[in-house]
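Notes follow the structure.
Nothing fancy with the numbering, it's 1 onward along the sequence.
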Amino acid sequence: MTPEIGIVLVVTCLALGLFVSERFPLAVTALLLLVTLVGLNLLGGLPAAARLGIDLEGAFPSPEQGLSGISSPATITVLCMFVLSAGVQRAGWIERLGRSLTRMVGRSALRQVVVLGLIVGPVSGLINNTAAVAMLLPLVIDLSKRTNVPAGKLLIPLSYFAMLGGTLTLVGTSTNILAAGLLVDLGGPRLGMFSFSAIGAIVLCVGMLYFCLIGIWILPRRRIKDGTEGDPRFLVELRIPEQSPLIGKSLEENAFLTAHGLELRRLLRGGSVVADTPETTKLSAGDVLMVEALQESVAKLLHDERVRLEYRATPGLRSELAGESVVARVLINTPFVARRKHLRELDLEAEHSATIVGLHRSAGEARRLGNLVIRTGQVVLLLLPRHALSRLRRSQNLVLLEHIEHPYDFSHARTSLAIVIGVVLVAALTPVPIVYAALTGVLAMFMTRCLSPEEAYRSVGWDIIVLLACVIPLGITVSKSGTADWLAALYSSWAGAWSPFWIVFGLYVVTTMLTEVVSNNAAVVVLVPVAMSVASQVGLEPVGLVLAVMFGASTSFLSPIGYQTNTMVHATGVYRFADFFRVGAPLNLLTALATAAAVTRFFPTTAV
């Protein structure tokens, strides 16, 4: 070991220790690492370093190399994928998949887990898997409540399937993009969009089989504490329009109520209440459903083409509401507004450009909402154009309690999906670099107004971008200083007599262990150069060993801190720390074996 290698190992261990301890935010630790690496290079120019015989300039990155992480294609591509994922989310595609999930799964925990894998896995291969979990997490929690399946049976599978699905394509995780970029920087071949999709599909199938045969039985049966009990519910009316896909089906069989978290109060047909088993009655055009709904559900119902939210408004106001609209919860503040008026008599359009769409469920009983009396102190839901919010805030008659802007823009759904699919196909089928295809896709999102620049800024995980930009120079240091070759020699002396299968397996296990204590991207930066050196020393193709590192970093199941999606489901309070190890350890062993077998099958380990 040279002095330079010793210094690199000390700096690396200190950095990993700071990552583990989280004494500082990850981005701050990464920036400290970058400044240290470049600072050591600059110290190498001092006479003292030359007298000691330590080549710091040759071991550590120059300022230009240190800043290369900011302009790295890997960093830019990850940033673009955040924006492209946000465009798909903004268009409501994840929400639609969630509704499909509710209709498909029934009340069987096993069936729900299988359908989760079939939906979450492929979705996580196309958009950032952390974003997919963030969007589906509330839907899965609601599904568990509605179907009486313990949330403990569903949330760990959601996280694990998202991780496994992220291995399907190059853009599934930031780890994949980073590892592929390091492979090229170190002289290896460029990986295509679907270069390792077959391996990812095998690993995903192994995960699904594991949960069907073993995991479903050892997952805890804990239920999530209902955090919505204190949230107010409102009475709203929904009309079944002509050509609705609900026509001819009962509410029981189409799971419409479950998908939106609604409770049916009554079903009206031709002005009469359907008293007998309304849930099993076949729906007809013109039927009216009076339901109880949360404020968030009402915002989503506005854009559900299967029903039409009932409210009174002039054609001019309806035209405004078809644009950017807001569902606001307000308090009737003065008797002047509601002096024993029925809902049908109350007109808020002239002064507030608003209409009432829901009444608090304590409003009373009546066949139609329009017959209920509005009183001072009552809480109602208003629907109004977004531009009318400022006027509502200044009102002396109405007190704005909360407002929800609908997060989805279904008018750009097809466009946003076409853009993402176009980026994937261009990167997969043409010589165009993925970073250029992704940048073009982001530009297309802006030009077609699927996403505004402000929304794009908010969608980016800037902590991940800073982390990538700052740890990429660590990979340069590990390679430049000879540390990668030294570590590879140690591993080769230990595993040199092993078959390629066990060499790949060993690298996978080492990467998984390291990922459990540091970030997955930091693990990749340290171990990809080592994998390249191991390949050259034992005479194997480097791609397979780099894939072992990539898959090991992307499938860390042993703890809630090993991966972002694990942390998200652990934050729900359903799981204990040990649950992840009990469920994840067997799966990690199976995926390690499956990855080693698939890598040695699809990437022949011929001599370099």
Exercise for the section: Please answer whether the main-chain N or O of Leu590 pairs with a side-chain N or O of Tyr210 as donor and acceptor at a distance below 3.5 Å. Expected result: no

Completion exercise
Heavy atoms of Leu42 and Pro63 approach each other most closely as CD2-CG, 4.0 Å

Exercise for the section: Establish, from distance only, whether the side-chain atoms of Tyr508 and Thr591 form a donor-acceptor pair under 3.5 Å. Expected result: yes

Problem - Ser554/Asn176 under side chain to side chain contact (heavy atoms under 4.5 Å, CB included): CA gap, chis, key distance, verdict - result: CA-CA 8 Å; Ser554 297; Asn176 297 353; 3.4 Å; yes

Completion exercise
Interatomic distance, CG@Leu547 vs OG1@Thr595, rounded to 0.5 Å, equals 9.5 Å

Practice task
Look only at the side chain of Thr511 and the backbone of Leu507, and say whether a donor-acceptor pair between them is shorter than 3.5 Å.
Solution key: yes

Practice task
Can you see which heavy atom on Ala437 is nearest to which on Val423, and at what distance?
Solution key: O-CG2, 3.5 Å

Problem - Ile7 CD1 to Leu37 CG distance, which is reported to the nearest 0.5 Å - result: 12.0 Å

Practice task
Indicate yes or no for a side-chain donor-acceptor contact from Tyr160 to the backbone of Phe557 under 3.5 Å, with no hydrogens or angles considered.
Solution key: yes

Practice task
Find out whether Val38 and Pro473 are in side-chain contact, i.e. whether some heavy atom of one side chain is under 4.5 Å from a heavy atom of the other.
Solution key: no

Completion exercise
Nearest heavy-atom contact between Thr600 and Ala596 is OG1-O, 2.8 Å

Practice task
Check whether any side-chain heavy atom of Thr173 sits under 4.5 Å from a side-chain heavy atom of Met550, and report yes or no.
Solution key: no

Fill in the blank from the handout: The reported gap from CD1 in Ile199 to CZ in Phe551 (rounded to nearest 0.5 angstrom) is 5.0 Å

Handout entry: Side chain to side chain, Pro529 and Leu186, heavy atoms closer than 4.5 Å
Key = yes

Handout entry: Expected output: side-chain Asn588 to main-chain Thr555 donor-acceptor under 3.5 Å
Key = yes

Practice task
Find the distance between CG (Leu545) and CG (Leu527) and round it off to the nearest 0.5 Å.
Solution key: 11.5 Å

Practice task
Could you give me the CA-CA distance, side-chain angles and deciding distance for Val140 and Leu155, then say whether side chain to side chain contact (heavy atoms under 4.5 Å, CB included) is met?
Solution key: CA-CA 7 Å; Val140 174; Leu155 296 183; 3.8 Å; yes

Practice task
Could you tell me whether a side-chain N or O of Thr167 sits under 3.5 Å from a main-chain N or O of Leu164, the two making a donor and an acceptor?
Solution key: yes

Problem - 4.5 Å side-chain heavy-atom contact, Met445 and Ser416 - result: yes

Handout entry: Minimal non-hydrogen separation, Leu40 against Val11, with atom names
Key = CD1-CG2, 3.9 Å

Handout entry: Residue list, ring-ring contact (aromatic ring centres under 6.0 Å, His included) with Phe505, at least two apart or on another chain
Key = Trp502

Problem - Gly125 to Val171 - nearest heavy-atom pair and separation - result: O-CG2, 3.8 Å

Problem - Flag side-chain contact, heavy atom, 4.5 Å: Phe501 against Val599 - result: no

Handout entry: Test item: Thr440 and Val432 side chains (from C-beta on) under 4.5 Å apart, heavy atoms
Key = no

Handout entry: Close side-chain approach of Leu84 and Val442, heavy atoms under 4.5 Å
Key = yes

Exercise for the section: Taking the side chain as every heavy atom from C-beta outward, state whether Leu425 and Ile421 have any pair of such atoms under 4.5 Å apart. Expected result: yes

Practice task
Output the distance between atom CG (Leu33) and atom OG1 (Thr477), rounded to the nearest 0.5 Å.
Solution key: 7.5 Å

Practice task
Test side chain to side chain contact (heavy atoms under 4.5 Å, CB included) on Phe211 and Leu587 and set out the steps.
Solution key: CA-CA 9 Å; Phe211 276 109; Leu587 180 57; 4.1 Å; yes

Exercise for the section: First locate atom OG1 of Thr415, then atom CE of Met447, and finally report the distance between them rounded to the nearest 0.5 Å. Expected result: 13.5 Å

Practice task
Could you tell me which residues satisfy ring-ring contact (aromatic ring centres under 6.0 Å, His included) with Phe60, sequence neighbours excluded, listed by chain and number?
Solution key: none

Exercise for the section: Measure across Ala180 and Leu191 and return the closest heavy-atom pair with its distance rounded to 0.1 Å. Expected result: CB-CD1, 4.1 Å

Practice task
Step through the shown structure and confirm whether more than 12 heavy atoms of other residues, nucleotides or ligands are within 6.0 Å of OH on Tyr436.
Solution key: no

Exercise for the section: Look at atom CZ of Phe194 and say whether more than 12 heavy atoms of other residues, nucleotides or ligands are closer to it than 6.0 Å. Expected result: yes

